[in-house]
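Chain A is the first sequence line, chain B the second, and so forth, proteins listed ahead of strands; every chain is numbered from 1. Given the structure is predicted, the values throughout are model-derived calculations rather than measurements.
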Amino acid sequence: MTSDILDSIFESAMKSKIFVNREVLRPDYIPDDLPHREEQIIKLGSILAPALQKSRPSNVFIYGLTGTGKTAVTKYVLKKLLKKASEIGTDVIACYVNTRQDDTTYRVLVRVGECLGLKIPFTGLSTAEVYRRVMRALDSLSIVMIVVLDEIDFLIKKRGDELLYRLTRANEELTRSKISVIGITNDIKLVESLDPRVKSSLGEVEMVFPPYNAVQLEDILWQRAKIAFRSEAIDEGVISLCAALAAREHGDARRALDLLRVAGEIAERENSDKIMIEHVYKARSEIEKDRVFEIVSTLPLHSKLILLSILKLNMEKKTPPTTGEVYALYKEFCKYLKIESVTQRRTSDVISELDMLGIVSARIVSRGRYGKTRIIRLSIPPNVLEGALGEEPRLEFLLKVFRP
DNA sequence: CGTCCACAGGAATGACGGGCGG
DNA sequence: CCGCCCGTCATTCCTGTGGACG
């Protein structure tokens, strides 16, 4: 019976030999203590402190690579600030918006409105009307509002910086309330593309979050592991291996925690009493496999074909191929499938895209008399890529049989 | 020392499909 | 509900370029 099977799954989940509390390893969990971010916490705290005296804190622009604690520090400081504010009876409202999820001006404004207790229909009003309602509500409350726009690059890439401009200038139309904006991004180049007026108002204060090193990552992992796992469930060296692997990948704490969590899940699946070194290595390849599947499956057909061409040429030649060679083989594939091929210009862009996704690495080389081109290598194991490309039915035959 | 290869990659433009806003 | 606008994928045309070869 299905329900019996489910029961036994739930049973065994409850008496896990490994986990006590796996929540604390999830990426959105904010611990009570954030090791090695004291400096940033103090700085952000002192920037926002004026809100307690009903003055407007400076706008802040925060940048740093993924998994460097930007979101965690911001949420942490805001939580403390709000607590303090309610203790002393000052009205401070914070509004956190992730613009990866809410990536239109309208949806961001709806979120801000919600924080003010406004009920705004998710569609039907004009953006200008929502903006007007939000501003009126805000001003009638006579408060300091802090708006956090996380992963702000998504909003800017889709909608430009108009909303940012309006928000940072909103104080001019407010008489009783004040608003300040915290923008968070991991794309440093993005700052350059902003309208200078936005750049100067949003960047009143800038904060940079440096990557964690292996030692710091280890501290972070220990702190969580103590809560997440049974005390005997971690074998020697597991934590430092997770830290070392993640430190190699630009000190990404999220990656480190993912490794540890997945290693724990694998250990549990294998009914092991402990998480061991080998589980961490398995976790690493499982995470990578998932990532590659995720990326490759959403690629358009032509990108897949170009990727297949790169895969074949990397496997069957001693030297990694150039753009021209990849394009030639790709055209063969298209002829075989009786579909039209894209131009070499487009192929060049596709290769850059694959490079940015971290699937291949394309290095520009000049071979003098023999021209300037890119040397394209796979940056993931061929069998993983093979598996991911095999999901696409149209490629199956080419993958198995076709020889260049 | 100039050529010229084999592309890189910018700009302008177009087809197309989906969702926003009126 | 419908038109319009916007993002994505793509093309065409183009200028730029590091260095081995003659």
The single option from A:T323, A:L378, A:L305, A:L385 passing side-chain contact (heavy atoms from CB on, under 4.5 Å) against A:I310: A:L378

Whole angstrom value for the distance that separates P of C:dG18 from CZ of A:R363: 15 Å

Atom pair distance, as rounded to whole Å: OH in A:Y330 and P in C:dA10: 7 Å

Integer-rounded Å distance: B:dG14 C1' and A:R346 CZ: 14 Å

Distance, rounded to the nearest Å, where A:L109 contributes CG and B:dG21 contributes P: 11 Å

side-chain hydrogen bond (donor to acceptor under 3.5 Å, both in side chains) pairs, two or more places apart, involving residues 140-152 of chain A: A:T71-A:D150, A:Y96-A:D150, A:N98-A:E151, A:R100-A:E151

Base-contact (B) and sugar-phosphate-only (S) positions in nucleotides 3-10 of chain B, heavy-atom cut-off under 4.0 Å, - elsewhere: -SBBSSBB

Sugar-phosphate only, base, or nothing, as touched by A:T347 at under 4.0 Å among non-hydrogen atoms: nothing

Qualifying residues under ring pair (Phe, Tyr, Trp, His ring centres under 6.0 Å), relative to A:Y212, sequence neighbours excluded: none

Contacts of A:D355 that satisfy side-chain contact (heavy atoms from CB on, under 4.5 Å) - sequence neighbours left out: A:V360, A:A362

Residue pairs passing the side-chain hydrogen bond (donor to acceptor under 3.5 Å, both in side chains) test where at least one lies in residues 288-302 of chain A, sequence neighbours excluded: A:H302-A:Y330

Pairs satisfying side-chain hydrogen bond (donor to acceptor under 3.5 Å, both in side chains), at least one member in residues 81-92 of chain A, at least two apart: none

